[in-house]
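This one's a predicted model, so the numbers in the text were calculated from it and none came from an experiment.
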Amino acid sequence: MSHDRSTVEAVVQHYFDALYEGDANKLGEVFHPSADLRWVEKGALQVLTVPDWLDRVSKRPSGKAEGKAREDFIVTIDRSDDSTAFIKVRCQLPPRYFTDYLVAMKLADGWKIVSKSYRYDLRE
């Protein structure tokens, strides 16, 4: 089974650009409003809604504004059919270096990220 990766890659590139620019509106374009973010902190699962996350993004300085190095890339895209993708990416907002696991689905209005789970390392 072969699937066109370009449309999923375009959504991920939009995600990378919005993260680096700290643009909550642009991030909102690629996330479904019901999506959430999940990560483990001090051994406990943390869950944040996309609207709450976008509010945080809008209030923090962006990597671009702070002149921080940008490095983001797709590690893998796993497509089970024409409307579902599991995407592993790496990105950074120094001193945090992230591995994100995104689930995207093709909906009536195009591809949307419906779930994000992540981890990060702190580096000097």
- Message: To the closest 0.5 Å, what do you measure between NE2 (H14) and CZ (F31)?
- Response: 10.5 Å
- Message: With a 4.5 Å cut-off on side-chain heavy-atom distances among I, L, V, M, F, W and Y, is there a chain of contacts connecting Y20 to L27?
- Response: no
- Message: Would E29 and N25 count as a side-chain hydrogen bond (donor to acceptor under 3.5 Å, both in side chains) here? Give the steps.
- Response: CA-CA 7 Å; E29 293 171 3; N25 291 328; over 6 Å; no
- For the student: nearest non-hydrogen atoms of D121 and R119, plus distance: OD1-NH2, 2.8 Å
- Closest non-hydrogen atom pair between S115 and A35, with its separation: N-CB, 4.1 Å
- Query: Atom CZ in R70, atom SG in C91: separation rounded to 0.5 Å?
  - Reply: 9.5 Å
- side chain to side chain contact (heavy atoms under 4.5 Å, CB included) evaluation trace for L48 with W39: CA-CA 9 Å; L48 185 65; W39 72 101; 3.8 Å; yes
- Query: Does R60 CZ have over 12 foreign heavy atoms under 6.0 Å away?
  - Reply: yes
- Query: Which of these, D109, V114, I113, sits in a side-chain contact (heavy atoms from CB on, under 4.5 Å) with H32?
  - Reply: V114
- Do I74 and F16 have side-chain heavy atoms sitting under 4.5 Å apart? yes
Extract all donor-acceptor atom pairs below 3.5 Å that involve side chains of residues 95-103 and protein atoms in other chains or at least two apart in sequence.
from, atom 1, to, atom 2, distance (Å)
T99, OG1, R90, NE, 3.1
D100, OD2, Y15, OH, 2.4

- Any salt bridge (Lys or Arg N to Asp or Glu O under 4.0 Å) involving residues 30-52? Give me the pairs, sequence neighbours left out, ordered by first then second residue. D36-R38
Report, one line per pair, each donor and acceptor closer than 3.5 Å where one atom sits in a side chain of residues 62-69; sequence neighbours left out.
from, atom 1, to, atom 2, distance (Å)
S62, OG, A65, N, 2.8
E66, OE1, K68, NZ, 3.0
K68, NZ, P94, O, 2.6

- Give the minimum heavy-atom separation between L54 and G28, together with the two atoms involved. CD1-CA, 3.9 Å
- Message: Quick test of your reading of the model: are K106 and D81 salt-bridged, counting only N-O distances below 4.0 Å?
- Response: no
- Task: Treat each ILVMFWY residue as a node, draw an edge where side-chain heavy atoms are under 4.5 Å apart, and state whether L45 and V50 are in one component.
- Result: no
- Note on the structure: Note: W53 and K116 closest approach over all heavy atoms is CZ2-NZ, 3.7 Å
- Nearest non-hydrogen partners of A104 and I87, listed with the distance: CB-CD1, 3.8 Å
